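Just so it is clear, the model here is predicted, and its values are computed rather than measured.
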Amino acid sequence: MGERNSIKEAKPTLAGVLTAYEKQVLRDDVLYHSQSQEHLEGYRDVLSFLADRGGMHREYKHYATRARIAGILGGGALYLTDGMSWNDKYDREHFNPSFMPTKRFGACFSASSAESVAMWMLYGGMDGNGAMINFDRRTLQGAMGRESYECGWFDTAGKFQCLVELPADRLRLRLVDVLYFQNQADGNVAVGRSSLKEGRHVMSGRAFNGIGQIAKHQSWSYENEVRLVATIDKLDLVGKVSHVKCVKIPIDFDDAFVAGRVFDSPVSDNEGNYRDSELRGTVDWNLCSGCMKTGA
């Protein structure tokens, strides 16, 4: 029995997979391409590490305006976007580099167990009447197991238009933890995630440039972000790459789910008809204080 326990394989760590990846990037016999390292086995190991962790959270909180949450619940679908409208400029520029043969689409969640005042204020809308869906792992994994997915865009009337429907084996769906980085004065970059006990790992700026699509600046770390990401070969989008802006992910929402896992903002007007936020009665803000009224 003692012999069997001694053979236990050590679990991978962030520092371990990043170190192995960096060694591959910096090898003298490997042609350096400053824009992409996704072809490297080390990069794929980093992504697998983050996907293993991303798929194991108990909670996936999606904060948005009340209208958007109502649209998700009423339409029975979550839409993964190409990132071009995201509020983080670095994220917009790195999530979907144009030189890649694939195109990515994502939706963002917070893996924190507690609600975040900052998330409510940032994503809940100027009027304070936001809402939040606290997805569980089983619901999202079920949505990732469909037979096919529609890819398209939203017209000016806000209606989804399907341009191409792909069988499930033509796209890769993953829940992926996001890394957070801090540039250092010596050109190196500290990379990590607060939920990892091992702390931050320092790597060369050159190696970090190859993983920018799975990282955000440290100033966003309070989000504790995990993403549902669909990766699609551009050839499968049959000449419609620039027109496809989102991927529709159908989700089955039953009454029990809505009653138990959807919450109103802590400063809402009580007309959302969802569960009270755990912060209800403890915080207060008015982002529209002093705003100019339309027509004033």
Just wondering, do [Y] and [X] contact through their side chains at under 4.5 Å, heavy atoms?
X	Y	value
K216	E223	yes
K103	N96	yes
N87	L122	yes
V202	V189	no
H201	E22	yes
V226	V176	no
M84	K245	no
R58	D136	no

*For residues 144-160, which residue pairs qualify under salt bridge (charged side-chain N to carboxylate O under 4.0 Å, His left out), counting only residues two or more places apart or in two chains?*
R146-D252
*asked:* Tell me which pairs pass salt bridge (charged side-chain N to carboxylate O under 4.0 Å, His left out) where either residue lies in residues 66-80, with sequence neighbours left out.
replied: R66-D269
*Might you confirm whether atom CZ of R92 has over 12 heavy atoms from other residues, nucleotides or ligands at distances under 6.0 Å?*
yes
Work out which heavy atom in [X] is nearest to a heavy atom in [Y]; give both atom names and the distance.
X	Y	answer
L173	M144	O-CE, 3.5 Å
G54	D177	CA-OD1, 3.4 Å
P266	R280	O-NH1, 3.1 Å
A118	Y222	CB-CE1, 3.7 Å
Y21	A207	OH-O, 2.6 Å
C151	I232	SG-CD1, 3.9 Å

Run the side chain to side chain donor-acceptor pair (under 3.5 Å) test against [X] and tell me which residues pass, sequence neighbours left out.
X	answer
D186	N188
S116	none
H62	none
T81	W86

*asked:* Checking W285 now: which residues fulfil ring-ring contact (aromatic ring centres under 6.0 Å, His included) with it, not counting sequence neighbours?
replied: none
_ring-ring contact (aromatic ring centres under 6.0 Å, His included) partners of F105, counting only residues at least two apart_ = none
Using only atom types and a distance under 3.5 Å, with no angle test, would you say the side chain of [X] pairs donor to acceptor with the backbone of [Y]?
X	Y	value
S268	D264	no
K61	S113	yes
T282	L279	yes
K240	L163	yes

*Could you label the plane-to-plane angle of the F257 and F253 rings as parallel, tilted or perpendicular, counting under 30° as parallel and over 60° as perpendicular?*
tilted
_Check the orientation of F109 and F135. Use parallel for under 30°, tilted for 30 to 60°, and perpendicular for over 60°._
perpendicular
To the nearest 0.5 Å, how far apart are [atom1] in [X] and [atom2] in [Y]?
X	Y	atom1	atom2	value
L175	L140	CG	CG	5.5 Å
L18	D45	CG	CG	10.5 Å
N270	N129	CG	CG	9.0 Å
N224	S112	CG	OG	4.0 Å
Q218	R200	CD	CZ	5.0 Å
M203	K23	CE	NZ	12.5 Å

*Take Y43 and I214 through the side chain to side chain contact (heavy atoms under 4.5 Å, CB included) test and state the conclusion after the steps.*
CA-CA 11 Å; Y43 173 88; I214 52 178; 4.2 Å; yes
*asked:* Can a side-chain donor-acceptor contact be found between S148 and E165 if the only test is distance below 3.5 angstrom?
replied: yes
*With distance as the sole criterion, is a donor-acceptor pair present between the side chains of E38 and Q213 under 3.5 Å?*
yes
*Going by the side chain to side chain donor-acceptor pair (under 3.5 Å) test, which pairs reach into residues 227-237, not counting sequence neighbours?*
D91-R227, R170-D236, E225-R227
Please say yes or no: joined through hydrophobic side-chain contacts below 4.5 Å, possibly via intermediate residues, are [X] and [Y] part of one cluster?
X	Y	answer
V262	L78	yes
L73	Y63	no
V247	Y60	yes
Y274	F263	no
I211	V229	no

*asked:* Quick one, E59 with R137, criterion salt bridge (charged side-chain N to carboxylate O under 4.0 Å, His left out). Give me CA distance, side-chain angles, the key distance, then yes/no.
replied: CA-CA 7 Å; E59 302 177 70; R137 186 191 316 160; over 6 Å; no
*Given a cutoff of under 4.5 Å between side-chain heavy atoms of I, L, V, M, F, W and Y, with clusters grown through shared members, what are the other residues clustered with F154?*
Y79, F160
*With sequence neighbours excluded, give me every ring pair (Phe, Tyr, Trp, His ring centres under 6.0 Å) pair touching residues 167-191.*
Y90-F181, F181-F208, F181-H217
*Report the C-alpha distance between D82 and R104 in whole Å, list the side-chain angles of each, state the deciding distance to 0.1 Å, and finish with yes or no for side chain to side chain contact (heavy atoms under 4.5 Å, CB included).*
CA-CA 6 Å; D82 61 6; R104 279 185 283 264; over 6 Å; no
*With E278, which residues qualify under side chain to side chain contact (heavy atoms under 4.5 Å, CB included), at least two apart?*
A114, E115
*asked:* Could you go through L237 and L166, starting from their C-alpha distance and side-chain angles, then the distance that decides it, and tell me whether this counts as side chain to side chain contact (heavy atoms under 4.5 Å, CB included)?
replied: CA-CA 9 Å; L237 295 177; L166 296 177; 4.3 Å; yes
*Verdict with supporting geometry, M119 and M132, side chain to side chain contact (heavy atoms under 4.5 Å, CB included)*: CA-CA 10 Å; M119 297 290 281; M132 179 265 288; over 6 Å; no
